[in-house]
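First comes the structure, then the notes that go with it.
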Amino acid sequence: EYSWSPNPQNAPFGSQRPRWRNLRSWPRAAQQPPPSAYFRRRAEQAIEENKQGEFEAKALEDLNRWLDARKLSMVDTVEISIAIQNVDWTRFEAKPELSAVVEKELAEVIAANSDGTLAPRHLAVTLSRGSSVGWTVLAECSVSLPRGVRASHVATALIGATTGKSAEPLEQAITNRLAAIA
């Protein structure tokens with residue numbers, strides 16, 4: 001009942017849509033025009049774009065998950081405070097070289113208990129009076145993290161050292177070193 005011609009003079013520029021000739025019989029409620037190649041191609045392109053979008057979204061999600069698991073900490077330093085009790089602060093005030101020796105020993109003990117992630121050169125230890133009575137010394141330790149070491153790894157290693165999961169707990173190692181100095 002209908003026909004169309006592929007004559008480009010009947011179609012607007014760039015359009016491949018057919019021009020229907022018998023317009024009196026078109027459109028009937030029950031009839032649908034045959035899908036043209038143009039619309040079929042557009043539908044296929046839309047389906048492919050949708051598949052590509054889903055693939056890219058899944059790939060991006062997988063990449064973000066992978067990066068989150070391997071994300072390095074943005075923290076460059078870790079601060080540790082250690083209170084050493086039953087130590088006479090006046091001895092450190094009287095002998096500054098004793099203070100330097102204790103700072104060096106503390107750096108070596110903490111580095112030794114960090115599961116090999118730190119060296120003594122990564123630690124800067126300063127001693128100060130911890131209480132007004134003078135029998136507590138406060139050791140402030142600033143850890144400069146080496147390249148590629150996460151703050152969480154250092155914290156986990158030192159927590160393991162304080163809870164006794166390492167060969168010698170950190171408190172016991174500090175006590176033994178300070179007793180050897182005195």
Side-chain angles (χ1 to χ4, degrees), residues 42 44-182:
R42 292 283 299 190
E44 289 170 356
Q45 286 176 351
I47 290 170
E48 286 299 317
E49 288 173 2
N50 190 21
K51 286 180 184 176
Q52 183 67 25
E54 290 174 1
F55 173 77
E56 289 174 359
K58 184 178 180 310
L60 186 62
E61 181 180 315
D62 292 344
L63 178 64
N64 284 334
R65 192 177 312 116
W66 186 85
L67 288 173
D68 285 343
R70 287 154 184 82
K71 190 184 300 180
L72 287 180
S73 173
M74 298 302 287
V75 178
D76 290 23
T77 60
V78 175
E79 298 292 327
I80 303 169
S81 297
I82 301 171
I84 305 168
Q85 297 177 346
N86 299 327
V87 177
D88 187 12
W89 174 251
T90 56
R91 288 182 61 193
F92 292 110
E93 288 177 334
K95 296 183 182 179
E97 63 275 359
L98 179 64
S99 178
V101 169
V102 170
E103 288 172 357
K104 180 183 170 209
E105 291 294 323
L106 282 173
E108 289 177 3
V109 169
I110 293 171
N113 283 289
S114 67
D115 291 339
T117 56
L118 299 175
R121 69 176 183 274
H122 297 122
L123 297 132
V125 180
T126 56
L127 299 177
S128 62
R129 179 186 298 265
S131 67
S132 59
V133 176
W135 288 95
T136 301
V137 175
L138 187 63
E140 295 287 334
C141 183
S142 177
V143 181
S144 298
L145 296 176
R147 184 180 195 111
V149 175
R150 296 182 187 176
S152 60
H153 289 168
V154 173
T156 303
L158 292 176
I159 288 171
T162 57
T163 58
K165 293 181 182 176
S166 63
E168 183 179 26
L170 186 60
E171 292 90 358
Q172 188 64 39
I174 291 172
T175 304
N176 291 344
R177 285 284 182 100
L178 293 181
I181 293 172

Next item on the list: Look up atom CG in Leu98 and atom CD in Glu93, then write down how far apart they are to the nearest 0.5 Å.
Entry: 12.0 Å
Note to self: What's the separation between atom SG in Cys141 and atom NE2 in His122, rounded to the nearest 0.5 Å?
What the structure shows: 12.0 Å
Next item on the list: For residues Ile84 and Leu106, determine if any side-chain heavy atom of one lies less than 4.5 Å from a side-chain heavy atom of the other.
Entry: yes
Item checked: Between CZ on residue Arg91 and OG on residue Ser99, distance to nearest 0.5 Å -> 12.0 Å
Notebook entry, point to check: Leu127 and Phe92: which non-hydrogen atoms are nearest, and at how many Å?
Noted result: CD1-CE2, 4.1 Å
Note to self: Is there a side-chain contact between Ile110 and Ile82 in this structure, where contact means two heavy atoms from C-beta onward sitting under 4.5 Å apart?
What the structure shows: yes
Next item on the list: Please name the pair of heavy atoms, one in Glu103 and one in Val125, separated by the smallest distance, quoted to 0.1 Å.
Entry: CD-O, 3.2 Å
Notebook entry, point to check: Between Gln52 and Glu56, is any pair of side-chain heavy atoms under 4.5 Å apart?
Noted result: yes
Check: Of all heavy-atom pairs between Ala111 and Pro120, which one has the smallest distance, and what is that distance?
Finding: CB-N, 3.6 Å
Note to self: Give me the atom names and distance for the closest heavy-atom approach of Pro146 to Leu118.
What the structure shows: CD-CD2, 3.8 Å
Next item on the list: First locate atom OG of Ser142, then atom CD of Glu140, and finally report the distance between them rounded to the nearest 0.5 Å.
Entry: 9.5 Å
Notebook entry, point to check: Do Val87 and Trp135 have side chains that get closer than 4.5 Å, going by heavy atoms?
Noted result: no
Margin query: So does Thr117 get a backbone contact from the side chain of Asp115, meaning a donor-acceptor N/O pair under 3.5 Å?
Written below: no
Note to self: Let me confirm one number: the CG-CD1 distance from Asn113 to Ile174, rounded to the nearest 0.5 Å.
What the structure shows: 8.0 Å
Check: If you measure from CG on Leu63 to CG on Leu60, what distance do you get to the nearest 0.5 Å?
Finding: 6.5 Å
Note to self: Taking the side chain as everything from C-beta on, heavy atoms only, tell me whether Glu108 gets closer than 4.5 Å to Glu105.
What the structure shows: yes
Note to self: Do the side chains of Glu61 and Arg65 get close enough for a salt bridge, i.e. N-O under 4.0 angstrom?
What the structure shows: yes
